[in-house]
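One structure below.
All residue numbers refer to positions in the sequence shown, counting from 1. When reading the values below, keep in mind they use all heavy atoms of this one structure, side chains included, and skip hydrogens, waters and symmetry mates. Predicted, not measured: the structure shown is a model, and the values here were computed from it.
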Amino acid sequence: MENKILSLLNENYALGLEEQLSLDTPLLELNILDSSTFFDLIEIIQAEFGVTVPLIEIKPDNFASARAIVRMTNDLLAPSAAA
């Protein structure tokens, strides 16, 4: 999951950056993600992983880094894995 999310971020949001994004790159602090790209990224995550990202999960902590996005996505997948 980490590699897939990093790939998605690098393909869609790291254009023009000197280095590839890492799991701990501060996406919000560096303005790689902003309020307008949140919803694009959410659509990509939902399509790629078959999860629904509820509005309550759309908060800065969950999008601060690729690691935070991985954690959120894993948490969203956990209930369906248990079912």
Side-chain angles (χ1 to χ4, degrees):
M1 166 108 36
E2 290 177 350
N3 289 336
K4 184 63 177 174
I5 288 181
L6 269 177
S7 292
L8 291 170
L9 289 169
N10 279 306
E11 290 168 11
N12 292 286
Y13 304 104
L15 302 174
L17 296 179
E18 292 180 22
E19 296 180 19
Q20 293 282 309
L21 301 175
S22 73
L23 284 172
D24 297 312
T25 300
L27 301 173
L28 301 176
E29 288 178 32
L30 297 177
N31 292 320
I32 294 167
L33 293 179
D34 58 26
S35 58
S36 64
T37 57
F38 264 34
F39 293 100
D40 291 335
L41 178 57
I42 290 165
E43 285 182 26
I44 291 169
I45 290 169
Q46 291 182 144
E48 192 67 37
F49 298 102
V51 297
T52 299
V53 179
L55 284 176
I56 195 166
E57 296 298 332
I58 303 172
K59 53 189 173 186
D61 288 349
N62 286 340
F63 294 88
S65 66
R67 189 177 306 281
I69 296 168
V70 168
R71 185 174 29 253
M72 176 194 66
T73 305
N74 279 330
D75 288 348
L76 293 171
L77 286 169
S80 62

Quick test of your reading: applying side-chain hydrogen bond (donor to acceptor under 3.5 Å, both in side chains), list the pairs with at least one residue in residues 8-22, sequence neighbours left out, ordered by first then second residue. N10-Q20, S22-T25
Test side-chain hydrogen bond (donor to acceptor under 3.5 Å, both in side chains) applied to R71 - qualifying residues, sequence neighbours left out: none
For D61, what residues pass the salt bridge (charged side-chain N to carboxylate O under 4.0 Å, His left out) criterion, not counting sequence neighbours? none
First locate atom CE of M1, then atom CG of N74, and finally report the distance between them rounded to the nearest 0.5 Å. 4.0 Å
Minimum heavy-atom distance L21-L27, with the two atoms named: CD1-CD2, 4.0 Å
Cut-off 3.5 Å, no hydrogens considered: what does the side-chain donor-acceptor table look like for residues 43-56, sequence neighbours left out?
unit_1, atom_1, unit_2, atom_2, d
Q46, OE1, V53, N, 2.8
E48, OE2, K4, NZ, 3.3

Any side-chain heavy atom of L9 sitting closer than 4.5 Å to one from L41? yes
List the atom of L28, the atom of L33, and the distance in Å for their closest heavy-atom pair. CD2-O, 3.6 Å
Which ring pair (Phe, Tyr, Trp, His ring centres under 6.0 Å) pairs, counting each pair once, include a residue from residues 51-73, with sequence neighbours left out? F38-F63
Considering only residues two or more places apart or on different chains, which pairs with a residue in residues 16-35 satisfy ring pair (Phe, Tyr, Trp, His ring centres under 6.0 Å)? none
I32 side chain reached by L17 side chain, heavy atoms, under 4.5 Å: yes
A64 and A68: which non-hydrogen atoms are nearest, and at how many Å? N-CB, 4.2 Å
Hits for side chain to side chain contact (heavy atoms under 4.5 Å, CB included) against P26, two or more places apart or cross-chain, chain-then-number order -> E29, L30
For the CE atom of M72 and the CG atom of L77, what is their distance to the nearest 0.5 Å? 10.0 Å
